[in-house]
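Please read these numbers as outputs of a predicted model, since none were measured by experiment. Index from 1, following the sequence.
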Amino acid sequence: MIKSTAEVRQAFLDFFATKQHQIVKSSSLVPGNDATLLFTNAGMVPFKDVFLGAEKRSYTRATSAQRCVRAGGKHNDLENVGYTARHHTFFEMLGNFSFGDYFKEDAITYAWTFLTEVLGLPKEKLLVTVYESDEEAFSFWKNEIGVPVEKIIRIGDKSPDKKYESDNFWSMGDTGPCGPCSEIFYDHGEEIFGGPPGSPDEDGDRFIEIWNIVFMQFNRQANGDMEPLPNPSIDTGMGLERISAIMQNVHSNYEIDLFQALIKDTANLLDCTDLEHKSLRVISDHIRSCCFLIVDGVVPSNEGRGYVLRRIIRRAIRHGHKLEAKGHFFHKLVASLIEQMGEAYPELAQQQAIIEKLLRIEEEQFGRTLDRGMMLLEDILANLESDTISGEDVFKLYDTYGFPADLTADIARERHLKIDQNGFDVAMGLQRERAQQASQFGTDYNQQLKSDHKTGFKGYDNDSYSATVVELFNSQQQTSVNELLPGEQGIVILDRTPFYAESGGQVGDTGLLHLDGGVFEVEDTIKLGNAFAHCGVARTTMGVNRRVKAEIDIERRAAIVKNHTATHLLHATLRKVLGEHVTQKGSLCDAEKLRFDFSHFEGVTTEELQQVEKMVNDEIRRNHEKQTESMYIEEAKERGAMALFGEKYDDEVRVVTLGDFSIELCGGVHVNRTGDIGLLKIVSESGIAAGVRRIEAVTATSALDYINQQANKLNNVAALVKADASNVDAKVEQLISRSKLLEKEISQLKQELAAQAGSDLVNQAIDINGIKVLIADLDGVESKALRGMVDELKNKMQSGIIMLATANGPKVGLIAGVTKDLTNKVKAGELVNHVAQQVGGKGGGRPDMAQAGGSQPENITSALESVKPWLVEKLS
């Protein structure tokens with residue numbers, strides 16, 4: 001009998017395979033070539049272009065178990081994870097799809113058969129919903145499947161003035177493909193609170209949605225019109241975790257076999273005896289999303305997908321701290337996840353070392369973040385004038401320093417304080433609004449440029465080719481046209497072309513389209529679905545069906561392909577020198593340079609870079625012949641072909657091999673032999689994110705130019721220091737040592753002068769209500785000398801308050817000092833902030849010592865004059 005999560009997953013795929021569905025492997029959590037989605041958040045995402053008509057597959061039926069993440073952007077379940085029965089950051093969506101093949105009747109039949117016959121669910125435990133006006137689906141459920149009428153629930157629009165806005169009407173966006181859907185629910189029984197869908201108590205847990213069947217049959221226009229799609233399609237989704245919970249007769253997803261194993265391993269690791277603790281759920285969920293995101297090339301950072309990953313990691317670590325975790329623990333759960341999911345996803349074990357190392361680095365870094373946050377929080381608490389930490393301060397700690405708001409709240413409670421939760425929520429809301437305004441969602445599908453044509457690429461072996469214009473677009477109007485007039489910006493679609501369209505890191509070609517009477521200047525080439533779009537300016541009238549001679553810029557192409565092939569050699573070399581964990585995270589190959597991003601957790605040493613550069617040039621000189629062949633993707637991977645990060649591949653792929661050194665999946669254009677590259681020179685190596693490095697390099701003539709430029713700079717430096725190129729390094733080192741010695745002497749003299757000035761200043765102190773107060777504007781004293789001066793003054797005054805200011809050019813330095821016997825009356829942080837606000841700055845610090853800066857030196861005099869009345873009020 002089917003019980004385990006793994007058995008349910010396999011049974012689903014096997015069932016649809018018997019129904020002539022192609023089993024499609026789960027795609028990456030990073031949607032391929034799709035900037036509108038943060039993560040793959042549904043099973044249909046990998047087939048999005050197929051549904052839109054922009055991509056054709058070799059099959060019309062598909063099934064998959066798709067890995068999904070909902071933890072950022074439009075679909076964000078993060079805050080609910082661990083506290084509800086069915087929210088997750090990571091989940092698997094089982095789905096079956098029809099691309100213009102079968103429709104409602106077959107889709108409903110397949111779903112019902114799988115649930116009741118394969119899984120053996122009692123029919124009386126199931127009920128279904130349909131869109132209110134979908135008579136076809138209602139009739140089939142009733143008459144053919146035999147579901148009682150009382151168990152077929154019609155769900156209408158949420159309000160009369162919002163047509164098609166219903167839980168049972170699915171849309172890809174505000175415009176584009178859409179249609180009614182039918183959902184299947186499981187009844188957990190009367191002992192569980194909740195009502196059926198559509199009832200006032202539908203949010204209860206008795207009736208749980210397990211399967212959604214979308215009947216994609218309309219194309220919604222911007223004006224609201226619903227045009228029937230020429231090829232109605234099917235998109236379904238069933239959460240693996242939800243259906244597994246039902247099969248295992250448990251109510252919460254966290255009670256299924258997979259989660260229970262992770263929870264027990266986490267509890268053992270943290271010496272936690274309460275297996276029901278919500279933090280164990282959070283950690284067991286988060287280890288799944290973190291590991292799979294890293295497998296798919298996401299690394300922690302401060303923006304985009306990397307920021308979401310960092311938030312998930314830190315949330316898991318924070319919950320570990322709640323369970324009194326000792327030391328770093330999160331990375332140790334990777335092995336437990338592999339034990340549970342490694343058979344279905346072998347890539348977890350293949351990248352175990354890289355996942356563990358990256359999580360460990362993040363744990364260590366977050367520990368330092370917590371230390372910094374605690375220091376800042378202590379400053380805030382020291383200057384607190386009430387029992388509430390402001391929402392603005394809580395948000396600043398969270399947003400700027402990564403200090404969790406719930407940790408701030410915990411510390412506040414320990415000190416009998418509270419936080420302004422409403423103020424924090426407002427600040428968070430404003431941040432979300434800014435993020436939403438900056439997002440790319442909401443594009444009108446029907447206003448995007450689309451082409452149904454497929455361009456035959458002839459550029460592997462040809463620099464020019466005769467072709468026919470099959471479609472034209474006016475770039476300014478973003479519309480299809482029959483002709484382009486001289487001077488108009490436009491896009492030309494050809495039936496065949498030698499122009500390469502930007503893809504896989506290789507930039508698009510430029511050149512000319514020749515026709516009688518003039519040319520069309522191609523400034524870039526991109527893809528519109530399967531069509532190659534030649535973007536540029538018409539210099540003569542260009543019409544549809546015209547014959548042209550397409551001719552690329554040969555010199556520019558030659559430079560691009562040298563950089564492209566060099567990138568393949570660089571990739572292979574880095575894996576040999578640094579390790580097999582190195583994978584490509586992005587690339588750019590244009591006519592001037594190549595840029596290659598790759599996974600690695602520390603800077604590449606000078607010696608390693610020299611070794612990489614030498615090895616690449618060795619392979620260039622070996623003059624390997626480029627070999628290309630087409631094969632099925634699984635065969636290519638078995639042969640060891642590397643795939644490009646973020647790329648989406650067809651079932652049949654092009655494999656580029658360079659001797660026995662490099663083999664990659666690549667549709668780009670390359671040199672015929674590696675010797676054509678001539679020379680590669682690495683220009684720079686740097687880190688661009690945690691765990692991701694970048695190498696920039698030049699080849700051929702550009703490499704020679706770079707070497708000559710460096711030689712010229714070296715000769716210029718040698719002339720300036722009166723040396724020659726052979727001994728310039730020793731001469732520069734000598735001058736630097738001399739300069740450091742002089743700087744040290746100058747600094748010592750300045751400190752002595754400042755100390756002397758400090759002694760003289762004591763005599764300028766005034767008396768305010770029996771307390772010594774020194775207020776002074778010090779001309780030309782360096783800001784970094786102020787702290788030592790204040791310490792000296794406090795020693796001499798024994799008891800008193802000090803406020804000093806100095807200007808260095810446009811910058812203002814401020815410092816306030818208060819002897820410890822007076823900090824209960826005046827706090828240095830408040831005093832310095834009072835002055836700083838008047839000179840274009842702000843600051844703070846400890847009650848006995850605080851510094852600040854400013855940008856308005858012209859206001860120093862008036863700002864210092866305000867200190868006396870401010871202190872009189874404080875000391876009265």
Side-chain angles (χ1 to χ4, degrees), residues 459-464 498-500 502 504-511 551-578 582 584 586-598 604 606-628 642 644 655-664 666-685 694-715 725:
Y460 291 129
D461 305 307
N462 300 279
D463 297 329
S464 63
F499 283 75
Y500 183 80
E502 181 176 355
Q506 180 178 337
V507 298
D509 279 328
T510 60
E551 187 175 64
I552 65 171
D553 182 332
I554 299 173
E555 289 189 9
R556 181 174 180 273
R557 160 75 79 83
I560 293 169
V561 299
K562 288 171 185 174
N563 286 329
H564 190 186
T565 306
T567 300
H568 281 226
L569 295 176
L570 180 62
H571 189 187
T573 302
L574 287 168
R575 289 173 62 82
K576 288 177 172 62
V577 173
L578 303 180
V582 169
Q584 180 173 334
S587 70
L588 173 68
C589 302
D590 59 27
E592 288 74 38
K593 65 184 179 304
L594 68 88
R595 187 181 73 208
F596 187 76
D597 301 338
F598 59 98
V604 185
T606 301
E607 292 75 16
E608 288 170 334
L609 282 176
Q610 290 173 349
Q611 185 180 355
V612 167
E613 189 175 83
K614 180 181 183 302
M615 190 177 291
V616 172
N617 283 301
D618 286 345
E619 298 306 317
I620 289 173
R621 287 192 298 275
R622 287 193 175 98
N623 204 22
H624 297 297
E625 183 181 4
K626 172 202 67 181
Q627 295 181 338
T628 60
M642 295 294 296
L644 299 182
V655 179
V656 177
T657 304
L658 303 171
D660 58 356
F661 193 76
S662 168
I663 175 171
E664 287 195 19
C666 183
V669 188
H670 291 273
V671 296
N672 291 322
R673 306 191 73 97
T674 58
D676 297 343
I677 299 170
L679 172 71
L680 175 135
K681 181 65 183 174
I682 294 176
V683 174
S684 67
E685 189 277 339
R694 170 173 291 174
I695 282 180
E696 293 191 351
V698 286
T699 65
T701 303
S702 295
L704 186 59
D705 290 343
Y706 176 79
I707 292 171
N708 288 334
Q709 289 169 8
Q710 296 301 106
N712 289 337
K713 288 180 181 179
L714 181 63
N715 290 329

- If you take all heavy atoms of A559 and A591, which pair is closest and at what distance? CB-O, 3.5 Å

- By ring pair (Phe, Tyr, Trp, His ring centres under 6.0 Å) - contacts of H624 (at least two apart): none

- Just by distance, do the side chain of D463 and the backbone of I554 share a donor-acceptor pair under 3.5 Å? no

- Side-chain touch V671/K626, heavy atoms, less than 4.5 angstrom: no

- Heavy-atom check, side chain of N672 versus side chain of E625, under 4.5 Å: no

- Item | Distance-only polar pair, side chains of N563 and T699, donor-acceptor under 3.5 Å | yes

- Message: Are more than 12 heavy atoms, taken from residues, nucleotides or ligands other than N708, located less than 6.0 Å from that residue's CG atom?
- Response: yes

- Task: Kindly say whether L569 contributes a backbone atom to a donor-acceptor pair with the side chain of T573 at under 3.5 angstrom?
- Result: yes

- Message: Return the CG to CD1 distance between N623 and I677, rounded to the nearest 0.5 Å.
- Response: 9.5 Å

- Message: Could you check whether any side-chain heavy atom of L588 comes within less than 4.5 Å of a side-chain heavy atom of V507, counting everything from C-beta outward?
- Response: yes

- Donor-acceptor pair, side chain of R622 and main chain of N617, under 3.5 angstrom: no

- Mark yes or no for whether N462, through its side chain, and P498, through its backbone, hold a donor-acceptor pair below 3.5 Å. no

- Between V655 and E664, is a side chain to side chain contact (heavy atoms under 4.5 Å, CB included) present by the stated rule, with each step listed? CA-CA 6 Å; V655 179; E664 287 195 19; over 6 Å; no

- Measure the shortest side-chain to side-chain distance between I552 and Y500 over non-hydrogen atoms and say whether it is less than 4.5 angstrom. no

- Query: Should K562 and C589 count as side-chain neighbours, where that means a heavy-atom distance under 4.5 Å?
  - Reply: no

- Message: Does L679 form a side chain to side chain contact (heavy atoms under 4.5 Å, CB included) with I707? I'd like the steps, not just the answer.
- Response: CA-CA 11 Å; L679 172 71; I707 292 171; 3.7 Å; yes

- Message: Could you walk me through whether F661 and M615 satisfy the side chain to side chain contact (heavy atoms under 4.5 Å, CB included) test, starting with their C-alpha distance in whole Å, then the side-chain angles of each, then the deciding distance to 0.1 Å, before giving a yes or no?
- Response: CA-CA 11 Å; F661 193 76; M615 190 177 291; 4.1 Å; yes

- Query: Of the options I663, T565, T628, which is the one that meets V656 in a side chain to side chain contact (heavy atoms under 4.5 Å, CB included)?
  - Reply: T628

- May I ask you to test the K681-E613 pair for a side-chain heavy-atom distance under 4.5 Å? yes

- Quick one: are the ring centres of H571 and F598 less than 6.0 Å apart? no

- Item | Donor-acceptor contact present, side-chain D618 to main-chain R621, <3.5 Å | no

- Got T510 and R556 here, is their nearest side-chain heavy-atom distance under 4.5 Å? yes

- Is any side-chain heavy atom of R595 less than 4.5 Å from a side-chain heavy atom of D597? yes

- Message: Rounded at 0.5 Å granularity, tell me how far CG in L714 sits from CD in Q709.
- Response: 13.5 Å

- How long is the span from the CD atom in E619 to the CG atom in L570, to the nearest 0.5 Å? 12.5 Å

- Output for pair (S684 OG, K593 NZ), nearest 0.5 Å, gives 10.5 Å

- Item | Criterion side chain to side chain contact (heavy atoms under 4.5 Å, CB included) on I695 and I682, from CA distance to verdict | CA-CA 7 Å; I695 282 180; I682 294 176; 4.1 Å; yes

- Nearest 0.5 Å, what's the NE2-OG1 distance between H670 and T657? 10.0 Å

- Rounded distance (nearest 0.5 Å) linking atom OG1 of T606 with atom CD of Q611: 13.0 Å

- Message: For the backbone of V669 and the side chain of Q506, can you confirm whether one donor and one acceptor N or O come within less than 3.5 Å of each other?
- Response: yes

- Query: If you draw a 6.0 Å radius around NZ in K576, do more than 12 non-hydrogen atoms from other residues or ligands fall strictly inside?
  - Reply: yes

